[in-house]
Amino acid sequence: MAKSRTNQERSVDPAAVFMLERADALGISTSFTRAEAMVACPIGAGQSGICCKNCFMGPCRITKDGQTGVCGATLETITARNMARACAAGASAHSDHGRDLAMTLLATVEGKTQGYTIRDVARLWNLAHKYGVTTEGRSKEEVAKDVALKGLAMFGQQTGETLYIQHAPEKRQKLWRQYGVVPRGIDREVVEVMHRTHVGNDQEAEHILLGAVRCALADGWGGSMLATDFTDILFGTPSPMVTQANLGVLKQDWVNILVHGHEPTLSEMIVAAVQDPAMQEYARSKGAAGVQLAGLCCTSNETLMRQGIPSAGNFLSQELAMMTGAVDSMVVDIQCIMQAVVEVASHFHTKIITTSPKAKISGATHIEFDEHRALDIAREIVRTSIDNFVNRRTEINIPNLCEDMVPGFSHEYIDYMLGGTFRASFRPLNDAIMAGRIRGVVANVGCNNARVTHDASHKWLVEQLLKNDVLIVETGCGALSSGKCGHMQAEAAFNLAGPGLREVCEAVGIPPVLHAGSCVDNTRILTVLTQMVATGGLGDDISDIPAVGLAPEWMSEKAISIGMYCMASGAYVIFGATSPIESSDVVQQLMSQGWEEKFGGKMEFVTEDEEILRRALEHIDKKRAALKLPEYDPNRFGKSGDWRMEELLTKSVEDRIGALYGAPA
Ligand code: SF4
Ligand code: MSK
């Protein structure tokens, strides 16, 4: 049994530590304690990729040099197959989410849903042009129907190239064609990876991994990109707004409903139901001050950035939130919902309500969601939650801890923010990188992982990168970590950023860490990078940009798919926490140098935060040098903006005049 950690070693989030103390006092197990009690495998095989269960002659665990599985499969074949299968599972989760959104748009324009509408017509028109759908003289419903059908057709497409591929930089498209990794259809690539990794099939590590890359591209430049596009059309393209993050957003006297999972189709309707004055009145009739909503995980990212609904936390906050005793229901749909929430809820009065036809949990209340009666079902869920308020039976213990955050930096908003309505442009961003005010860009994304200290790597890396003038874009649970830390406030630039980055943030009025959405929205980052290439000055491909992707606390299979599609798009991607390829030097080499030679991007697993930082900065500087940009020098900047004003205001009048105009002759 692994050593048990102190609560401060389990999380750097003070609200989480507060709740972990309560869990200890109540004797309730959590993912934190289970991670200590659970040894992944007596020989650590599952973790480092050397265990194969692909047929029932196994499991085969490769523990000695030269050993093979019963079928003769080598260490590198097994490791590569495991990576490919994880990628296929991740790609299927994201893409199936995208399919559901396309089905909802189609049903909406056919008048078969309740409560949905096309909220962002400009986004629809933009996508119609991308898809080659005629808009002239047509109603938005006619256009949306064709767009939805084209989107859905991409899933079952058997040959040719999926449509989004044409929107990558041209050089990238050529590379993908050269290496035969252009996806033909979304479902086809997922199925093919499952087929190729079946016993007795593809048994060359490099070839298996190329199959995985093709599948990942079907996700990143397919299912996930489509999910983001269709979500924006139905629910609006995000733009910044102020909200809060952490368990302190729960309110003692209110009915608290937590929405958790991923698909906004459910959460948007719950938002609408909660805002209904009749529902607030109903809550008051039960003795509550009202009913309010907060989010968890990526559902939280969706409702934060479109509706300003506060976030109760990220992946590892889900069990802890219920220990406040103030959560009347947790409404879940798909992905990243721990089965343990039902057990934890049983110690309190919390009702766990599952809603997806794809995901039930034993012991939970199932109220199945159906777009045709979406608002009625959302109202039923909210009413059920309010009815549960009177059943509160434990002391309420809400930590008084939350931070303001500003989410909602979609690609479209960044474009507008940098140039205004008539001159929307990425030029100022590219210029700031070219001048060295911004050293480079890091996308810090991904999950929490109970085997490492909650939020510690996200927090430390973000703070170090900011100090080094690196602009950060975030999605998923990494974004929620920064929200909880206060890194997504404009003031964070003043307190944490290096001099050049601080000047840019002050001039534009943005936080130094930009919230770009949920884990399915990593494609927004691909779109930003593509536009940076098109804007000019930073090379002619994504791989030329001084940018790095990090997933320091990853745990899900979706993260593997994201990492692979970002790598194939030209990015250097570093995963922390744990390495599933640790045992195979061959696979490590293939995914690092091997992929860099082919795609200009690479994917590495590095478990030390200091080393992640070192490699990220080294890569950024290498890319700057290749572009012949000035070497990063923080001393060149910081002589303007609010920081400079404060410095001047602390001096005497004579000193201030001297500092501004030089000493008198
Ligand atoms: Fe063992 Fe081969 Fe079966 Fe894998 S596929 S479990 S290595 S026999
Ligand atoms: S919810 S996939 S823990 S980011 Fe998207 Fe968070 Fe990772 Fe789930």
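Atoms within a ligand are numbered from 1 in the order they appear, just like the ligands themselves.
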Original post:
Of all the atoms in ligand 1, which lie at a distance below 4.0 Å from a heavy atom belonging to G69?
Top reply: 7 (S)
Subject >> Residue G58 vicinity, atoms of ligand 1 by number, heavy atom under 4.0 Å >> reply: 6 (S)
Original post:
Can S457 and D609 be counted as having a side-chain donor-acceptor contact under 3.5 angstrom?
Top reply: yes
Subject >> Over-ring placement of R306 relative to F235, 6.0 Å and 45° cut-offs >> reply: no
Original post:
In ligand 1, which numbered atoms sit nearer than 4.0 Å to a non-hydrogen atom of C60?
Top reply: 1 (Fe), 6 (S), 7 (S), 8 (S)
Subject >> Distance-only polar pair, side chains of N82 and T79, donor-acceptor under 3.5 Å >> reply: no
**OP:** Would you mind checking which non-hydrogen protein atom is closest to atom 8 (Fe) of ligand 2, with the distance to 0.1 Å?
**Re:** C336 SG, 2.2 Å
Subject >> Rounded distance (nearest 0.5 Å) linking atom CD1 of I381 with atom CD1 of I353 >> reply: 6.0 Å
**OP:** Using a 4.0 Å heavy-atom threshold (strictly under), name the region of C447 that reaches ligand 2: side chain, backbone, both or neither.
**Re:** both
**OP:** Check whether any side-chain heavy atom of Q335 lies under 4.5 Å from a side-chain heavy atom of S556, and answer yes or no.
**Re:** no
Subject >> Side chain Q307, main chain V271, donor-acceptor under 3.5 Å >> reply: no
Original post:
Have T355 and D333 got a donor and an acceptor in their side chains that come within less than 3.5 Å?
Top reply: no
Original post:
Can N522 and T475 be counted as having a side-chain donor-acceptor contact under 3.5 angstrom?
Top reply: yes
Subject >> Numbered atoms of ligand 1 (with element) below 4.0 Å of V199, judged on heavy atoms >> reply: 5 (S)
Original post:
Which is it for R81 and ligand 1 at heavy atoms under 4.0 Å: side chain, backbone, both or neither?
Top reply: side chain
Subject >> Contact flag C52/atom 2 (Fe) of ligand 1, N/O/S atoms, threshold under 2.8 Å >> reply: no
Original post:
Near V70, which atoms of ligand 1 are under 4.0 Å from a heavy atom of that residue?
Top reply: 1 (Fe), 8 (S)
Original post:
Which atoms of ligand 2 are found less than 4.0 Å from any heavy atom of C519?
Top reply: 2 (S), 5 (Fe)
**OP:** Check each heavy atom of H262 against ligand 2 and say whether those closer than 4.0 Å belong to the side chain, the backbone, both or neither.
**Re:** side chain
Subject >> Those atoms of ligand 2 less than 4.0 Å from some heavy atom in M555 >> reply: 3 (S)
Original post:
Which one holds for C477 and ligand 2: side chain close, backbone close, both close, or neither close, with close meaning a heavy atom under 4.0 Å?
Top reply: both
**OP:** Take T354 and H366, measure what side chain to side chain donor-acceptor pair (under 3.5 Å) needs, and give me the verdict at the end.
**Re:** CA-CA 5 Å; T354 52; H366 190 71; 2.8 Å; yes
Original post:
Under 30°, 30 to 60°, or over 60°: which ring-plane class applies to H262 and H97, parallel, tilted or perpendicular?
Top reply: perpendicular
Original post:
Hey, is there an N, O or S on C55 sitting under 2.8 Å from atom 4 (Fe) of ligand 1?
Top reply: no
**OP:** Give the numbers and elements of all ligand 1 atoms closer than 4.0 Å to a heavy atom of C71.
**Re:** 2 (Fe), 5 (S), 7 (S), 8 (S)
